[in-house]
Enquirer: 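Sending over a structure as structure tokens; questions will come in a sec.
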Amino acid sequence: MIDLLHADCYRLIHGRKFWVGCVVLILCSVGLLAGVITFISGYDGSVDADITAVLTRTLPSHSAMLTYSSMFRGGLVSGVVSLVVALAVSEDRDSGLAKNISSSGVGRGRYAVEKLLLATLLSLWYALLSIVTLEITFAALRFDYASAEPVIGWLGFVVVLILGVAVYATIAAMAALVTGSGVFSSVVAVGAGFQLVGGALTGLAGMVPQIGWLQRLVAWLPISNMNMLTDARSMMAETLPEAARSFLTDTADLGMPVWAHATVCFVGWLALCWAVTLLVVCRRDPC
């Protein structure tokens, strides 16, 4: 399995899609953020909390900066990772490599596990790349932070964010492995990773708050839990953050800390995707 993972990493590093994904995220982190801040700096209309943060170049904390940029909550990181994963996993079938690997004696389950691990590894890489780029960008723009936060709190926040990104990447890998279609898995990667499907469901839940079961369902979607993550400090609260109350009007009290709710959600989705993938792939030829 390590040999397969090493071979996939080698092909990615020496290919184009991996680096295109890196460049896209760096440009989104630096270019879009700098452009928006430059635009808002000349803004003379009504001022809200977000615009005030830009005008004063002050944010509550480093963890709040990660969500303020919308790179994670907005779906840019998860979307890019999901698309790269979908293309990387599906190309084995398109090139005939999956058939050669299967004929060499590699089990179906082992093949599927390696691809799911690859999705997790890519999630880790792209998430860390985005975090480092954002830190450098905000530092270059001379942003200050109102308060220092414990390193352990910041690390915990980052771990939960990476788990959320890994969910979307794993969904894309599952679609590629189960269907064997590069086109379908790419569509799933765009729809899920860029939060188009989740956004539609949360929008529907916001329009019909009287439907209790829909509210409870949406509360356990990855997009909802990504929106619950505002910073490391609020992650310890048991009440729903303001950012998620527009579509979760019936679940203000989570009954557990935000970090626990998000972790259970993300781990649950990961377990479901792994189980479905292994169940389907082990019962048929993945080639």
Side-chain angles (χ1 to χ4, degrees), residues 1-32 71-72 75-134 136 161-196 270 273-274 277-278 281 285-287:
M1 186 179 301
I2 299 299
D3 292 340
L4 290 176
L5 188 60
H6 181 269
D8 275 343
C9 291
Y10 180 87
R11 289 202 306 273
L12 281 171
I13 292 173
H14 289 81
R16 287 180 295 180
K17 63 177 73 66
F18 174 78
W19 298 109
V20 169
C22 293
V23 171
V24 168
L25 286 180
I26 292 174
L27 289 178
C28 287
S29 301
V30 179
L32 292 181
M71 286 288 293
F72 287 90
L76 284 172
V77 177
S78 58
V80 170
V81 176
S82 298
L83 193 54
V84 172
V85 167
L87 294 174
V89 174
S90 61
E91 74 176 355
D92 281 4
R93 182 186 179 95
D94 297 337
S95 65
L97 181 61
K99 185 175 182 179
N100 293 335
I101 292 175
S102 180
S103 61
S104 66
V106 176
R108 301 171 184 176
R110 181 183 172 191
Y111 176 81
V113 168
E114 184 271 328
K115 294 302 181 186
L116 294 172
L117 289 176
L118 178 66
T120 303
L121 190 61
L122 286 173
S123 301
L124 177 63
W125 166 257
Y126 282 118
L128 292 178
L129 174 66
S130 299
I131 290 170
V132 171
T133 306
L134 287 171
I136 294 174
L161 275 183
I162 294 175
L163 275 177
V165 174
V167 169
Y168 293 105
T170 305
I171 290 174
M174 176 184 67
L177 288 168
V178 169
T179 66
S181 170
V183 175
F184 178 78
S185 59
S186 297
V187 171
V188 170
V190 171
F194 287 103
Q195 301 182 354
L196 302 179
L270 287 171
C273 292
W274 276 66
T277 303
L278 293 175
V281 171
D285 188 348
C287 308

Enquirer: With a 3.5 Å cut-off and sequence neighbours excluded, list the donor-acceptor pairs that the side chains of residues 168-175 form with protein atoms.
Expert:
{"unit_1": "Tyr168", "atom_1": "OH", "unit_2": "Ile223", "atom_2": "N", "d": "3.1"}
{"unit_1": "Thr170", "atom_1": "OG1", "unit_2": "Ala166", "atom_2": "O", "d": "2.6"}

Enquirer: For Val113, check side chain to side chain contact (heavy atoms under 4.5 Å, CB included) against everything at least two apart and list the hits.
Expert: Met1, Leu117, Trp274, Leu278
Enquirer: Less than 3.5 Å apart, which donor and acceptor atoms pair up between the side chains of residues 21-29 and the rest of the protein, not counting sequence neighbours?
Expert:
{"unit_1": "Ser29", "atom_1": "OG", "unit_2": "Leu25", "atom_2": "O", "d": "2.8"}

Enquirer: Could you tell me whether the side chain of Ser82 and the main chain of Gly79 form a donor-acceptor pair under 3.5 Å?
Expert: no
Enquirer: With a 4.5 Å heavy-atom cut-off, do Tyr126 and Val84 have their side chains touching?
Expert: yes
Enquirer: From Leu124 CG over to Leu129 CG, what is the distance, rounded to the nearest 0.5 angstrom?
Expert: 11.0 Å
Enquirer: Without swapping roles, check the side chain of Ser185 against the backbone of Ala176 for a donor-acceptor pair under 3.5 Å.
Expert: no
Enquirer: Please find the pair of heavy atoms, one from Ala112 and one from Val281, that lie closest to each other, and give the distance.
Expert: CB-CG1, 4.0 Å
Enquirer: Can you tell me which residue among Leu4, Leu5, Asp8 is in a side-chain contact (heavy atoms from CB on, under 4.5 Å) with Lys115?
Expert: Asp8
Enquirer: With sequence neighbours excluded, give me every salt bridge (Lys or Arg N to Asp or Glu O under 4.0 Å) pair touching residues 178-190.
Expert: none
Enquirer: Looking only at heavy atoms, what is the nearest atom pair of Ser78 and Val165, with distance?
Expert: CA-CG1, 4.3 Å
Enquirer: Supply the atom-to-atom distance Ser186 OG to Leu87 CG, rounded to the nearest 0.5 angstrom.
Expert: 4.5 Å
Enquirer: Is the shortest heavy-atom distance from the side chain of Val85 to the side chain of Val89 under 4.5 Å?
Expert: yes
Enquirer: Which residues satisfy the ring pair (Phe, Tyr, Trp, His ring centres under 6.0 Å) test with Phe72, sequence neighbours excluded?
Expert: none
Enquirer: Would you please test Leu12 and Leu118 for side chain to side chain contact (heavy atoms under 4.5 Å, CB included) and show each step?
Expert: CA-CA 10 Å; Leu12 281 171; Leu118 178 66; 3.9 Å; yes
Enquirer: Give a yes or no answer on whether the side chain of His6 reaches the backbone of Ile2 with a donor-acceptor pair at less than 3.5 Å.
Expert: no
Enquirer: Can you tell me which residue pairs pass the side-chain hydrogen bond (donor to acceptor under 3.5 Å, both in side chains) test with a partner in residues 17-28, sequence neighbours excluded?
Expert: Lys17-Glu91
Enquirer: Which distance, rounded to the nearest 0.5 Å, do you find between the CG of Leu121 and the CD of Glu114?
Expert: 10.0 Å
